[in-house]
Number of protein chains: 2
Amino acid sequence: MDAALRPYDIGSTQWYVLYQLAHDGPTMQRDLLRMLQIERATLSIVIGALVRKGLVEQVPDSIDRRQKRLRMTAAGTTLWGELPDLTFIRRVAFDGIDQAEIATAIKVLQTATGRLDELLRRGTDA
Amino acid sequence: MDAALRPYDIGSTQWYVLYQLAHDGPTMQRDLLRMLQIERATLSIVIGALVRKGLVEQVPDSIDRRQKRLRMTAAGTTLWGELPDLTFIRRVAFDGIDQAEIATAIKVLQTATGRLDELLRRGTDA
DNA sequence: GATTTTTTGTTTGCTAGCTAGCATAATTGT
DNA sequence: ACAATTATGCTAGCTAGCAAACAAAAAATC
């Protein structure tokens with residue numbers, strides 16, 4: 001993804017933010033946090049890069065002034081239209097592999113990461 | 001790994017370097033490149049951190065003065081002895097999962113990453 | 001023997017992840 | 001109504017990845 005996006009000076013996480021705004025419209029920054037599963041501080045930097053490049057606007061909410069609503073700018077919409085389709089990546093990686101084997105791989109990885117997340121959660125609570 | 005190593009102010013890639021030096025003794029920096037599968041520039045930063053902390057020494061080779069031989073210092077050896085066993089991570093993640101399913105997951109992932117590496121290799125050549 | 005190419009390592013500047021700590025705003029409890 | 005707590009976002013400082021460009025040394029070529 002990063003290699004495909006490099007000509008546009010966009011990283012993969014920045015792409016995900018644009019994707020969200022392009023598909024669901026304006027979104028609260030705090031909601032993106034849940035969707036992207038990254039830390040507040042990290043998202044802050046990513047959004048900062050998009051704002052700096054003029055692709056995204058950050059508008060404080062009128063009701064809760066802590067929260068910020070993210071919206072694509074005209075320049076952002078234009079760039080989004082120029083970005084290449086990235087689905088070829090998934091095709092290259094997985095086309096032709098047995099569906100059952102892919103399902104098994106997903107199950108194994110979900111189990112393992114779930115257990116490690118749980119371990120980490122307990123560790124940081126204690 | 002990072003969470004377990006944080007109390008010792010060591011990152012996971014730094015750990016791999018120490019592991020290599022602890023098990024195989026002094027190693028050329030260029031050989032570590034192949035072992036860790038990262039870029040020259042990245043390794044340079046990681047080694048820099050270890051040297052700065054006084055855990056590793058960087059000695060220019062007498063024959064080929066471009067190359068640098070990495071060696072653990074006394075402080076590095078001491079720290080290595082204090083680091084916890086990290087094999088519990090693998091146990092937490094995978095214990096009890098069917099061996100055949102794990103093998104399938106490995107096969108699927110190796111195929112996918114192999115294809116993507118190949119795609120990237122062709123892309124950067126052209 | 002001199003020139004060109006290749007190899008090795010570093011630096012710079014970027015993305016992206018983390019924790020810790022701060023400010024501000026909203027909410028909750030008393 | 002005021003105080004304490006919680007929520008949101010930011011900054012600073014770190015690890016770790018990348019590409020591009022540079023310097024120095026060695027190797028290859030002419």
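So that the names make sense, note that chain A is the first sequence line, chain B the second, and so on, each numbered from 1.
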Between CG of B:L32 and C1' of C:dG9 the distance, given in whole Å, is 13 Å

Between CZ of B:R34 and C1' of C:dT8 the distance, given in whole Å, is 14 Å

Scoring nucleotides 2-14 of chain D by protein non-hydrogen atoms under 4.0 Å (B base, S sugar-phosphate only, - none) yields -----BBBBB---

Between CD of A:E39 and C1' of C:dG21 the distance, given in whole Å, is 14 Å

note: B:R65, atom CZ; D:dA27, atom C1'; distance rounded to Å ~ 15 Å

If you look at every strand shown and take non-hydrogen atoms under 4.0 Å, does A:I63 touch a base, only sugar-phosphate, or nothing? sugar-phosphate

To the nearest 0.5 Å, atom OH of A:Y19 lies from atom CH2 of A:W80 at 7.5 Å

- request: State whether B:E118 and B:R121 are salt-bridged, where the test is any N-O pair (Lys NZ or Arg NE/NH1/NH2 against Asp/Glu carboxylate O) under 4.0 Å.
  value: yes

Apart from A:I102 itself, members of its ILVMFWY cluster (side-chain separation under 4.5 Å) are A:F94, A:I97, A:I106, B:V108

Per nearest nucleotide of DNA chain C, the residue lying toward the 5' end, A:A49 or A:D61, is A:A49

Between CZ of A:R6 and P of C:dG13 the distance, given in whole Å, is 18 Å

Taken to the nearest whole Å, CG/B:D117 to P/D:dG17 is 15 Å

By salt bridge (Lys or Arg N to Asp or Glu O under 4.0 Å), A:D98 pairs with (sequence neighbours left out) none

Residues at least two apart in sequence or cross-chain that pass salt bridge (Lys or Arg N to Asp or Glu O under 4.0 Å) with A:D64, listed by chain then number, are A:R66

With no hydrogens and no angle check, is any side-chain donor or acceptor of B:T78 less than 3.5 Å from a backbone partner on B:A74?
yes

Interatomic distance, CG@A:L36 vs CG@A:D31, rounded to 0.5 Å, equals 11.0 Å

Contacts of A:R52 meeting salt bridge (Lys or Arg N to Asp or Glu O under 4.0 Å) (sequence neighbours excluded), chain-then-number -> none

To the nearest angstrom, the CG-P distance between A:D2 and D:dA20 comes to 14 Å

Per the under-4.0 Å heavy-atom filter, residues of residues 75-89 of chain B near DNA chain D come out as none

The residue among B:K68, B:R71, B:Q29, B:R69 that forms side-chain hydrogen bond (donor to acceptor under 3.5 Å, both in side chains) with B:Q58 is B:Q29

